[in-house]
Protein chains: 4
Amino acid sequence: MITLGCPDRTGIVAGISGFLAEAGGWIVGAAYHTDPVTNWFFTRQEVRADSLPFGPAELRARFTDVVRKFGPRVDWQITDTAERRRVVLLVSKEGHCLYDLLGRVASGELDVEVTSVIGNHKDLAKITEAHGIPFHHVPFPAGDGEGKAAAFAQLRQLVDGHHPHAIVLARFMQVLPHELCAAWAGKALNIHHSFLPSFVGARPYHQAHTRGVKLIGATCHYVTAELDAGPIVEQDVIRVDHGDSVADMVRKGRDIEKVVLARGLRWHLEDRVLVHGNRTVVF
Amino acid sequence: MITLGCPDRTGIVAGISGFLAEAGGWIVGAAYHTDPVTNWFFTRQEVRADSLPFGPAELRARFTDVVRKFGPRVDWQITDTAERRRVVLLVSKEGHCLYDLLGRVASGELDVEVTSVIGNHKDLAKITEAHGIPFHHVPFPAGDGEGKAAAFAQLRQLVDGHHPHAIVLARFMQVLPHELCAAWAGKALNIHHSFLPSFVGARPYHQAHTRGVKLIGATCHYVTAELDAGPIVEQDVIRVDHGDSVADMVRKGRDIEKVVLARGLRWHLEDRVLVHGNRTVVF
Amino acid sequence: MITLGCPDRTGIVAGISGFLAEAGGWIVGAAYHTDPVTNWFFTRQEVRADSLPFGPAELRARFTDVVRKFGPRVDWQITDTAERRRVVLLVSKEGHCLYDLLGRVASGELDVEVTSVIGNHKDLAKITEAHGIPFHHVPFPAGDGEGKAAAFAQLRQLVDGHHPHAIVLARFMQVLPHELCAAWAGKALNIHHSFLPSFVGARPYHQAHTRGVKLIGATCHYVTAELDAGPIVEQDVIRVDHGDSVADMVRKGRDIEKVVLARGLRWHLEDRVLVHGNRTVVF
Amino acid sequence: MITLGCPDRTGIVAGISGFLAEAGGWIVGAAYHTDPVTNWFFTRQEVRADSLPFGPAELRARFTDVVRKFGPRVDWQITDTAERRRVVLLVSKEGHCLYDLLGRVASGELDVEVTSVIGNHKDLAKITEAHGIPFHHVPFPAGDGEGKAAAFAQLRQLVDGHHPHAIVLARFMQVLPHELCAAWAGKALNIHHSFLPSFVGARPYHQAHTRGVKLIGATCHYVTAELDAGPIVEQDVIRVDHGDSVADMVRKGRDIEKVVLARGLRWHLEDRVLVHGNRTVVF
């Protein structure tokens with residue numbers, strides 16, 4: 001899988017496809033987009049590995065030469081989809097997203113390795129272990145003192161040890177410190193239980209109920225230093241009406257949170273999400 | 001049509017339905033709701049006029065006695081659906097909502113009398129008059145000086161002369177002064193081209209594009225003194241993706257604006273919308 | 001909870017609410033509907049048990065007198081929501097609906113007792129038992145011979161022993177014989193993986209792909225003798241496009257199947273679904 | 001705009017983009033799809049005309065050489081988007097789709113030339129002419145006799161005289177004879193007021209009400225000889241419930257019909273719809 005983003009200019013598509021054609025590469029799927037505001041070009045090309053006469057390392061080396069012609073600001077990567085994706089899940093007490101993701105993995109729908117689940121509470125240890133996945137309990141003290149910093153350091157060590165392709169905050173409810181946001185940039189996915197940018201922060205369903213909106217939503221976004229302001233990967237909504245209490249909204253909203261997170265995670269792991277500035281291209 | 005809101009207590013439903021049953025009233029449709037947060041009770045009862053042995057005036061007099069038992073803070077009204085609803089439309093240059101509403105009226109879908117269309121520009125005069133509806137041009141000078149105050153005074157006179165059941169800001173683009181908001185409270189409906197509370201104010205599609213949301217929306221709400229913060233009647237959304245420019249969003253958003261406004265207006269005119277505080281019950 | 005359906009006439013609402021008011025009953029929620037085609041009246045009334053001076057048995061006895069005045073064809077029931085609802089799940093090999101329902105029960109969202117899961121394959125035994133729920137394996141031989149009849153007899157015995165409020169065919173993939181459809185009428189809920197009446201029967205996603213539809217759906221309906229033709233409780237859809245293979249449709253469709261089944265089951269267990277002929281009223 | 005479909009093989013993308021790059025062509029947008037079932041390749045490439053050193057005729061000639069290498073079964077066309085698209089609308093009595101399309105044209109949203117509106121009734125003549133568009137009345141006698149054949153002959157002559165890019169059956173309500181379906185293949189778009197393949201033929205909302213579905217829809221498809229069975233371009237749905245009469249469904253459905261037809265027509269005119277067999281690719 002080749003993904004690439006750079007300032008637009010003529011010849012990029014021809015350059016890539018010409019190189020692949022010459023090497024005998026079979027393009028299974030290709031997507032292109034140019035953002036007219038930033039004049040940024042994006043592409044994602046799915047090439048059958050067995051159609052190429054060389055492996056991923058050689059492909060990367062040769063592609064480096066191709067890319068050189070496209071200017072100095074090219075952001076690209078080639079990933080080997082044969083390598084199984086590793087995912088770490090961060091949870092708290094609310095289990096619906098975890099249940100949902102574990103069910104998708106168990107039924108084979110989401111073909112990933114969940115290397116571990118890490119919770120700041122123990123509530124979800126049992127179901128995790130029933131799925132044969134290790135659960136780590138990292139308690140987070142209240143306040144912003146040294147205890148919390150130590151907990152984040154332990155969390156980081158546990159996560160980074162797995163070299164995960166994705167770190168999923170499945171209703172984790174702890175705000176990551178800036179250095180973790182930076183270290184996990186483009187890898188840490190959060191699910192926020194509102195249709196952002198409405199209702200940033202705590203208790204979004206309460207905020208939605210008070211405002212009297214007629215639809216509630218959920219947003220899957222990359223974690224950045226500013227709370228709930230990272231690049232949006234996916235969103236969806238569900239209708240509510242005056243008969244819905246906050247508790248009803250919480251319940252209905254869960255169904256949206258689950259699918260929005262699952263879609264966002266799948267697209268991220270399939271290298272479909274290209275970030276530029278604070279916006280995403282989802283091929 | 002009877003609509004009523006008051007603090008909840010036992011006996012209200014029995015009181016109303018007992019009164020109607022005694023009078024031989026045929027209840028065609030009835031809806032009830034109690035808000036558990038405010039303990040406020042709402043009901044809407046549709047009674048066949050020809051099933052009652054007296055007219056609307058007598059019904060109102062008798063119902064006053066019934067309602068007396070429900071406490072001092074009862075907010076109710078009885079409307080005669082035989083009376084055709086009068087609507088005034090306020091427009092600017094953007095015609096999609098006007099075209100849509102006029103088409104609904106012309107095809108008989110929306111059975112109302114559009115008494116006039118008032119525009120701060122002349123662009124939409126011709127189509128209005130082609131539908132046999134008077135168009136008034138009230139120019140609004142820039143700034144907040146006396147000219148603008150005079151324009152609003154003229155607008156108010158033109159509107160109030162029709163004793164309208166609804167005043168529709170169909171992309172009017174002028175912020176009503178506080179005294180007009182107060183005078184038209186519960187009657188003036190606005191269509192805002194975003195999924196409120198996201199993207200209040202000007203150029204919401206630009207804001208949405210910059211933020212990179214994956215759905216855009218529209219909101220029909222009652223006009224209040226605080227901009228875009230009135231009670232929400234209806235909202236809807238449509239999916240967008242990275243391929244959509246601001247112009248595409250404007251185009252897609254129009255389809256949502258049109259249906260959201262048309263639904264909100266219909267519900268308002270059918271006395272389906274009961275307001276309490278900043279929230280609506282839509283029966 | 002009181003639900004009632006009968007031919008419409010004046011005085012029903014007053015009769016019920018007058019009786020409840022006299023007894024001091026606090027109506028928490030009430031819904032009414034009259035079908036204009038069949039002239040059938042439906043109501044659902046939620047009464048706080050502790051507001052009544054007598055228990056469910058006495059309420060039923062007294063209500064029998066009230067109902068007598070409404071004519072000979074009244075279909076009503078009073079249920080005690082304090083009694084926990086019992087559910088039996090029937091499954092085959094596909095686990096997504098089972099995973100979803102078990103997750104909802106485990107997280108407390110769906111407050112029911114799953115008395116057992118019965119499968120014609122053993123694939124889903126392990127996850128069921130991890131949730132502390134008994135799993136029964138009832139193999140179904142191919143063909144329509146005696147072996148299959150014996151399997152259905154065993155299934156019926158296992159199910160009926162629990163006196164369940166709902167029997168959920170969570171992708172069970174076996175067509176129930178007519179006598180079971182009759183015995184479980186109004187209790188057996190199926191999830192069909194298409195937007196009925198499109199694509200009845202086997203392999204609906206294949207049918208949908210061949211036809212080139214732009215949305216796929218799922219339908220939760222009561223099981224009746226005619227295949228996939230029972231009263232519809234809930235439906236929903238999701239967008240697909242030319243890029244979606246049958247496998248993609250199967251995957252996307254699962255998310256719809258899960259929520260549609262979960263909603264239908266919840267509404268059924270909350271006595272929100274009233275059936276008349278082949279149509280449902282969902283209050 | 002270049003659109004092309006052919007059996008898939010390596011080198012097509014490289015062939016096209018290499019040719020364009022060599023000629024200095026600026027690809028503004030490009031989309032590719034290979035159907036894995038039929039192994040058919042589809043592409044749509046938007047090239048800035050002013051980036052090429054030759055005009056459309058020369059481009060077609062040169063591209064013929066490029067295409068030759070892709071095998072004998074290549075289906076392609078190059079269209080000049082500078083040429084304004086001509087559309088003929090066929091109507092009957094129901095005006096909502098006509099009002100909607102004329103509104104879109106008048107407000108500049110749909111930049112096409114509506115060369116004429118042809119109705120088998122006169123009801124919609126006045127609004128058409130208010131938009132400055134000629135209206136032709138072609139009465140269609142009942143039955144299948146010579147009168148009807150003559151009417152279709154007259155219709156064909158009127159339509160073909162405009163050499164339209166699209167012929168829109170905007171609730172035309174007459175079934176086209178096979179020879180017209182053949183003559184207008186890939187150009188005649190119909191809006192059917194159901195979610196096909198459900199409720200083919202007459203009175204789909206009545207069928208939907210009887211079946212008790214929870215969503216109703218509309219389908220825009222190319223007209224083919226088999227009724228309501230042509231390649232689907234776009235579909236959408238809207239929620240209904242037990243409270244909706246057939247008349248309510250008709251009203252709600254209209255909003256879906258209008259947007260589905262408008263979207264389908266836009267995509268067709270932008271050369272986004274590629275047909276292969278009975279399925280469409282919508283880029």
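Throughout, protein chains are lettered first and strands after them, A, B, ... in sequence-line order, and every chain is numbered starting at 1.
Considering every non-hydrogen atom in both B:V88 and B:P164, the closest pair reads CG2-CB, 3.9 Å. Here the closest heavy-atom approach between residue B:E257 and residue B:C97 is recorded as CB-SG, 4.2 Å. Contact record, B:G217 with B:I256: C-CG2, 4.2 Å, taken as the closest heavy-atom pair. Of all the heavy atoms in A:I27 and A:A30, the pair that sits closest is CG2-CB, 3.8 Å.
Listed for the B:D244 side chain is a donor-acceptor partner under 3.5 Å among the backbone atoms of B:D241.
Along residues 220-239 of chain A, the residues that come nearer than 4.5 angstrom to chain B, judged on non-hydrogen atoms, are A:D228, A:A229, A:G230, A:I232, A:V233, A:E234, A:Q235, A:D236, A:V237, A:R239 in order of number. Using non-hydrogen atoms only and a strict 4.5 Å limit, no part of residues 12-20 of chain B faces chain A. Applying a 4.5 Å heavy-atom cutoff, the residues of residues 261-273 of chain A that approach chain B are A:R263. Chain A is approached within less than 4.5 Å, heavy atom to heavy atom, by B:F195, B:L196, B:P197, B:S198, B:F199, B:H209, B:T210, B:R211, B:G212 from residues 186-212 of chain B, ordered by number.
A heavy-atom distance below 4.5 Å is not found between the side chains of A:T43 and A:T3. With contacts defined as side-chain heavy-atom distances shorter than 4.5 Å, the pair B:V240/B:L215 does not qualify. Between A:F41 and A:P7 there is no side-chain heavy-atom pair separated by less than 4.5 Å. Put simply, the side chain of A:F172 does not reach to within 4.5 Å of the side chain of A:V91, judged on heavy atoms. Side-chain atoms of B:E94 and B:M173, non-hydrogen and from C-beta on, never get closer than 4.5 Å to each other. The closest side-chain heavy-atom distance from A:H242 to B:F42 is not below 4.5 Å. Looking at A:L4 and A:F70, their side chains come closer than 4.5 Å, going by heavy atoms from C-beta outward.
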- Item | Stepwise side chain to side chain donor-acceptor pair (under 3.5 Å) check, B:K214 with A:T280 | CA-CA 10 Å; B:K214 300 301 182 186; A:T280 61; 2.9 Å; yes
- Message: What verdict does the salt bridge (charged side-chain N to carboxylate O under 4.0 Å, His left out) test give for B:K252 and B:D255, after you've listed the backbone C-alpha separation in whole Å, the side-chain angles of each residue and the deciding distance to 0.1 Å?
- Response: CA-CA 6 Å; B:K252 290 187 171 182; B:D255 281 348; over 6 Å; no
- Message: The test is side chain to side chain contact (heavy atoms under 4.5 Å, CB included); show your working for A:R251 and A:M249 and say whether it passes.
- Response: CA-CA 5 Å; A:R251 175 172 52 75; A:M249 287 184 171; over 6 Å; no
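B:F63 and B:W76 have perpendicular rings, their planes meeting at more than 60° on a 0 to 90° scale where under 30° would count as parallel.
At a 4.5 Å heavy-atom cutoff, the contact between A:N278 and chain B is made by backbone and side-chain atoms alike.
Using a 3.5 Å distance cut-off with no hydrogens or angles, the side chains of A:Q45 and A:Y32 do pair a donor with an acceptor.
With chain A as partner, the option from B:D35, B:V246, B:V282 having the largest number of non-hydrogen pairs under 4.5 angstrom is B:V282.
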